[in-house]
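Heavy-atom basis, side chains included; hydrogens, waters and symmetry copies ignored. Bear in mind that the values here come from a model prediction, so they are computed numbers and not experimental data.
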Amino acid sequence: MKKSDKLLAKLNQSLAPEKEAPTPTVSSPSPKRNPRKPRPKKPAAPPKTTRRKPAATAPAPALSPIPEPPPAASPPDRAAQARDLVNQHLGLSLGAGMIPMPIVDVVAISGIQLKLITELSRLYDVPFTRHRAQAILLSLFAGVGSFSLATGVFGSLLKTLPGAGSLLGAATLPVTATALTYAVGHVFIEHFETGGTLLDFDTTTAKRKFEGLVAEGREKWQNR
Amino acid sequence: MPLTITICNGKGGAGKTTLSVLLATAFNHAGHAAALLDRDPQATASRWLNETGDVPVAPADGSGDHRLLIIDTPPRLDSHLLHDALSQSHIAIIVTSPSPADLWSSQDTVATVRQHLPAGGHARLLFNQVQARTVLARGVDNLAARIGLPALKTRIGRRQTFQHAPLLGWSALDAVSREELLQAALEIASLAPPPPASS
């Protein structure tokens, strides 16, 4: 057995499946070895090969029931779930937009949008490659007309893209970050809803829709 | 009543105070007004927020107008401060690192949480200080079931920027750290419906 496997097996064993509630005491130094009854040596504990075991296999003796994971969405619900995902990520990008440093802004914004695309891909069961998603994001952002982004810009990324708009104050940044996430989310929802994948994403048509969605997003969050 | 989240572990050093402050900050940045209630007599969180002012500190009686209340607790399972905090919480988060000592302690903490968290409350493990590509990080996947609570999917890494945060606050954090915290905050918030927004 590899040393590391041995270590993990020992760790697993040391965590008994059921522990009695600790009796409240004044703090005392814990004895070197566990004073409770010695654990019986389990014959060949089944190796835990599955990576993600469903949680809470130990019976919960009391109170809080662990909520079941939601059932897989049927197609009519999926679009609604997808919109929920976008809304959740809008909150994230609004927060990230508060970062004053341009380079950090860019990474944070794209990270959130990448995460959004990852989760939408998962929801629609579409194969996801980070490389492809990043390429699509870059081309979408590059394509947005300088007018849409002129009043709110995200620093270094735009500087490196051809035809980028001018760099303006950070005051309008949070709105743009949210508008971009909104636009990314809805462009992808539409693409995935019509059966598209990351590989057949047509950026030329998408860019036009994207620009409209960014403007729409900015309208919605201008006063937030 | 604000959505109340208790951060606990019977053992010190797992990252309760660090994550209490940083998660509260993350919630604020994500648009959910959060305050921190410092129930640890060590008062590290209070000192931290005195230094940086990132998050409002809730008064001792927990009153105030915020949607979320995060309670930092002492590293003592027998403390009534911990028990009281749990009994008024909707969510309990046991912070643990992948180290065996913290894991043993978190298992003991599960029992205390079950004793005091009201019925209908949600409890989760949050793996903190996880270093990628280490043996213990690899083992983390199987440990939640062993310990007896489901774990949040987000894991917080061991980052130097978290060490800088008590001095510089949120601005000490790089983008990756912030995203990690924002994701954890989002995951926690999705456990229970937030209270209706105050007008």
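Pairing each heavy atom of A/L8 with each of B/G139, the nearest pair is CD2-CA, 3.6 Å. What you find for A/Q13 and B/R146 is that their closest heavy atoms are CA-NH2, 4.0 Å. Across all their heavy atoms, A/L15 and B/Q107 have their closest contact at CD2-OE1, 3.4 Å.
Within 6.0 Å of atom CD in B/E187, more than 12 heavy atoms from other residues, nucleotides or ligands are found, so the atom counts as buried in its surroundings.
Using a 4.5 Å heavy-atom threshold, the side chains of A/D5 and B/R138 count as touching.
Separation of atoms CG (B/L182) and NZ (A/K115) is listed at 9.5 Å; rounding is to 0.5 Å.
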